[in-house]
Amino acid sequence: MTPLSPPLARGGSGGVGAATGERFEKALDAIRENVGRAGDKAEKGEDDAKERQIIKTKRAQIESADSDFRKEFAATEKKLKDAKLPQEIVNRHAKFVKKYEDNLQELKGNLDAVEKATTASDKRAMIAKAKAQLEKTKSPSKHVPLDLSKLPHRTIKTKERSPRLNREEFEKDIPRQQKPAGLRSAEFGVRNVVAAEPVLDLIGDFSLPEKIHKKRILLAYDSTIASDIPLELPLPLGERTEVRGDLISRLIFAQATGDLPTAADLAETQEIHFTTAIISKAQELGHNPVNIYEWVRNNIEFVPTYGSIQGADGCLESRTCNAYDTASLLIALLRVSNISSRYVYGTIEVSADRFMDWAGGFSDIQSAIRFVSSSGIPVAPVVSGGVISKVQLEHPWVEAWIDYNPSRGARHVMGDTWIPLDASYKQHTSKAGVDIAASVSLDNQAFLLALGAGTTADETTGSVLGGTCAASGQLMENYRILAGNYLSQQHPNSSVGDVLGGSAVKKQEFPYLLGTLPYRVYTAGVKASEMPDSLRNIVNIRILDVGTASLDVTRSLPEIEGKQIALGFIPATQADQDVILQYLPQGSGSIDMASLPQALPAYLINVKPELRIGGITVATGGSIGLGKAMTLDVTLTMPGQGGDGTSRSISAGDYLVIMIENGTTTSGRLSSLQASIEDTRLKLQSGITIYTKEDIVANMLQAAGLVYSAELGVKRGLLERSFNVRAMMQPSILLASSKLVTTLVFGLPHASSGQGISLDMARDSVAAASRSGDLALEKRYRLASSLDASGLASRVFDDLLGGQPAVGAVRILQTAKGAGIPVHTLVLATSL
């Protein structure tokens, strides 16, 4: 493990003069601005006495700062030599000092030339020369242009796609996987997860003419029958296959001689890991295929997102999963129970009423289709008699090699039939909540008037000025009291669920597996032992240094599910590490925070970006100076869609936790992180000094991110019910970071120090649709949920850290309103 250096303190003793650098740069910026103004006036023949006086004053400040710099440079040189650091480090110091002196000498010469110019043309020429040097040494702008089409809280525009309707189209886009040679290994001794009755080896006996593989006889699905249970004709009692010798008589059902399970149908994959949780759940269910299927079907909440996201273990933990992750969970529980299983991906057809229920309790079919399509799922309506009667969509399900005859899966010994299973498709029963608004009304008109009291709207500039939220806040507080009194008096024993209402899965519990699917399979496109790459959501993390990739990592979301992703910077060499150690308190024992340096000399230290996933380093980038600007790109790519994400400037030395969120933050993840933080606290109290970066910085940042995500999920759930909207978070990007601030001198990094921590929902992709098709309610939901997301970010730090209030977008707007600063409405045509 690598020891983690303590964070830099603001205002500590020793170190380099970050404050001197700030004074120097402010004075230089003022000179730069006024030289530019003087040049403009010189071109027009106007008097520039005011600008010349400001330049003279700021030049005196620069000379004062220069005196402090020279003392610092001398002390630094002595420190490096006394510590006998490598000559490379001493040379870096000398190089920086020379660049500083050269730039300062050139600046003084240019300003002297401007002062001594006697003619207008000479003056213009000298000002142009000074301006050119000042622009060349200007610090990079920290302003990031606002792109209104890529605001953090946005709905990602997905490509609308119609489902593929024939197998050839699927096989063209999703190549067949190469199966391992040989027959199935599931029941012939390769794995022994579940104790089973001894069976005879039939591998060499499948070619016997009397062992004829037969298909079951099934009725076609009839959407007019009001039942989720497909119909099946029983096989004739006399239809059996005799096996030679002393083998028991057994009916072998298989679709084709070559379509038998292989080792791959029992293997672990990116989505399927036999974790402790998966093994425990399978044991709890008795390794019984009926119990496994019914538990997954009846206990996993369905969300219509697209592609593999969580994998089996993540789905088991969150219990809110799409069809792909539900299939992975079902397969994992079957495989760990020694039951061969695989994915099937194709196009299905569902009646309109059932589709609306399945998608989330919609009463408007077009809204339901739009909602599902917005997640990237290929979907299309089927119109009959001028109305949408059915819906076709691409969808995954599972096939399991089950002991179907005679037990129909009730007792598994050895499989004989591929049985289709879909644990993600289900119908629901609705539960009405308490209609508070009908009994306790809010005067909406009075509320709007109170909200706008004291404000002045400017239609020309699209801004509003002044006002206070006090009156509207009091109205809401009064309404809250009245609503609370109503509930305590009229519904004293109601739970939150009773008040809000909701829906519950219609459970199915049968003594055996039905062997068919509850909808029409239009096309069974591909069958695969492993989730195809083309159906996986992926994330790409890149660090760019002047346009060149210094670090580039791509992972599927199931690979990183539940793992901490930390991006930090490490010393590039041992010499760089030695420089850092020279500026930290020496000796053992407790550290006095006042003894920490104000800053570190950025120009002496080179670092390398390091990406760690789950505590393991997966990539390291090239060397770069501490404090230099780099670009972080995090891109999410949904199957069948283009990539979308965030790009932002970071400093070499920042520390970030990158969280890919999908709205499924669980109490288990929070508890696990809390235990880890508590363990670190006990280590520190006991005097243990060796700990990893994850123990301190990453876990603190991760805690802030998880609390934010969990609270946001609860708030959005309440808003969904309030506005009768169905919403789901698609994979989104949350960045929690410890920032480094670096002062620059003539555009060169000089001193770096800690700035604080931040939380940024960089890509908050939420698909939402009104269940009734009311677009106005949908719009109101989006506004309310976005404001909640922005306001919550600062409140999380208030709650976790206390002390000085954190800064957030909503809090800035509130401050601006109270200070009389106009608040503008921006539209896509606005250019910033």
Side-chain angles (χ1 to χ4, degrees), residues 163 218-232 289-290 292-310 312 315 319-331 333-334 341-362 365 368-369 371-373 375 377-382 389-400 409 418-430 503-510 513-525 527 535 726 728:
L218 306 178
L219 283 182
Y221 176 73
D222 186 348
S223 62
T224 62
I225 300 176
S227 171
D228 285 338
I229 307 172
L231 301 178
E232 179 180 2
V290 176
I292 290 171
Y293 165 72
E294 289 186 345
W295 186 88
V296 176
R297 185 204 176 279
N298 294 335
N299 290 278
I300 301 299
E301 180 184 348
F302 170 73
V303 289
T305 51
Y306 186 52
S308 178
I309 297 174
Q310 300 181 75
C315 179
R319 302 198 184 182
T320 301
C321 320
N322 67 18
Y324 303 82
D325 297 326
T326 303
S328 294
L329 174 58
L330 179 57
I331 288 174
L333 293 172
L334 289 169
S341 49
R342 64 191 182 189
Y343 299 94
V344 186
Y345 186 63
T347 293
I348 66 172
E349 191 172 87
V350 183
S351 64
D353 58 337
R354 296 189 182 190
F355 178 81
M356 288 189 290
D357 179 278
W358 185 28
F362 286 82
I365 184 62
I369 293 173
F371 178 64
V372 171
S373 177
S375 73
I377 297 176
V379 59
V382 177
S389 60
K390 299 175 184 177
V391 176
Q392 294 176 340
L393 68 154
E394 291 187 11
H395 180 70
W397 62 93
V398 172
E399 282 187 348
W418 285 115
I419 296 297
L421 302 169
D422 188 352
S424 66
Y425 178 85
K426 57 205 74 178
Q427 298 291 284
H428 304 80
T429 55
S430 297
S503 65
V505 173
K506 287 182 181 177
K507 292 189 176 182
Q508 287 187 351
E509 294 177 342
F510 298 103
L513 296 173
L514 301 177
T516 53
L517 295 170
Y519 43 68
R520 180 193 176 196
V521 175
Y522 194 94
T523 303
K527 298 180 180 182
L535 293 178
R726 178 72 163 113
M728 62 183 176

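Start at 1 with the first residue, then count along the sequence.
Atoms CH2 and NZ, from Trp295 and Lys507 in turn, are 10.5 Å apart once rounded to the nearest 0.5 Å. For the atom pair Thr326 OG1 and Arg319 CZ, the distance stands at 12.5 Å (nearest 0.5 Å). The CD1 atom of Ile348 sits 11.5 Å away from atom CZ of Arg520, with the distance rounded to the nearest 0.5 Å. Rounded to the nearest 0.5 angstrom, Leu517 CG and Tyr425 OH are separated by 10.5 Å. From Lys506, atom NZ reaches atom NZ of Lys426 across 14.0 Å, with rounding to the nearest 0.5 Å.
In this structure, Asn298 and Glu509 approach most closely via the heavy-atom pair ND2-CG, 4.0 Å. Of all non-hydrogen atoms in Ser341 and Trp418, the two that sit nearest each other are CA-CZ3, 4.1 Å. Between Gly515 and Ile419, the closest heavy-atom pair is CA-CG2, 3.6 Å. Taking all atoms of both residues into account, the shortest heavy-atom contact from Gln427 to Asp357 is CA-OD1, 3.2 Å. Here the closest non-hydrogen pair linking Ala352 and Ile365 is O-CD1, 3.8 Å. Across Thr516 and Pro420, no two heavy atoms sit closer than the pair CA-CG, 4.1 Å.
Taking Pro304 as the reference, Phe302, Phe371, Val372, Ile377, Arg726, Met728 meet the side-chain contact (heavy atoms from CB on, under 4.5 Å) condition, with sequence neighbours excluded. Among residues two or more places apart in sequence or in another chain, the side-chain hydrogen bond (donor to acceptor under 3.5 Å, both in side chains) test is passed with Ser328 by Tyr343. For Asp353, the side-chain hydrogen bond (donor to acceptor under 3.5 Å, both in side chains) criterion is met by Ser351, not counting sequence neighbours. Annotation: side-chain hydrogen bond (donor to acceptor under 3.5 Å, both in side chains) contacts of Tyr293 (sequence neighbours excluded): none. For Pro378, the side-chain contact (heavy atoms from CB on, under 4.5 Å) partners two or more places apart in sequence, or in a different chain, are Arg161, Pro163, Tyr306, Glu394. Looking at residues two or more places apart in sequence or on another chain, you find a side-chain hydrogen bond (donor to acceptor under 3.5 Å, both in side chains) between Ser308 and Glu271.
A heavy-atom distance below 4.5 Å is not found between the side chains of Asn322 and Ser424. Side-chain contact between Glu294 and Phe510 is present, with at least one heavy-atom pair separated by less than 4.5 Å. Considering only heavy atoms from C-beta on, Tyr345 comes within 4.5 Å of Tyr324 through its side chain. The shortest side-chain heavy-atom distance between His395 and Tyr519 falls under the 4.5 Å cut-off.
Counting only distance, with no hydrogens or angles, the side chain of Gln310 and the backbone of Thr320 share a donor-acceptor pair below 3.5 Å. Put simply, the side chain of Asp325 gets close to the backbone of Ile309: a donor and an acceptor are under 3.5 Å apart. In terms of modelled atom types and a separation under 3.5 Å, the side chain of Lys527 and the main chain of Arg342 share no donor-acceptor contact.
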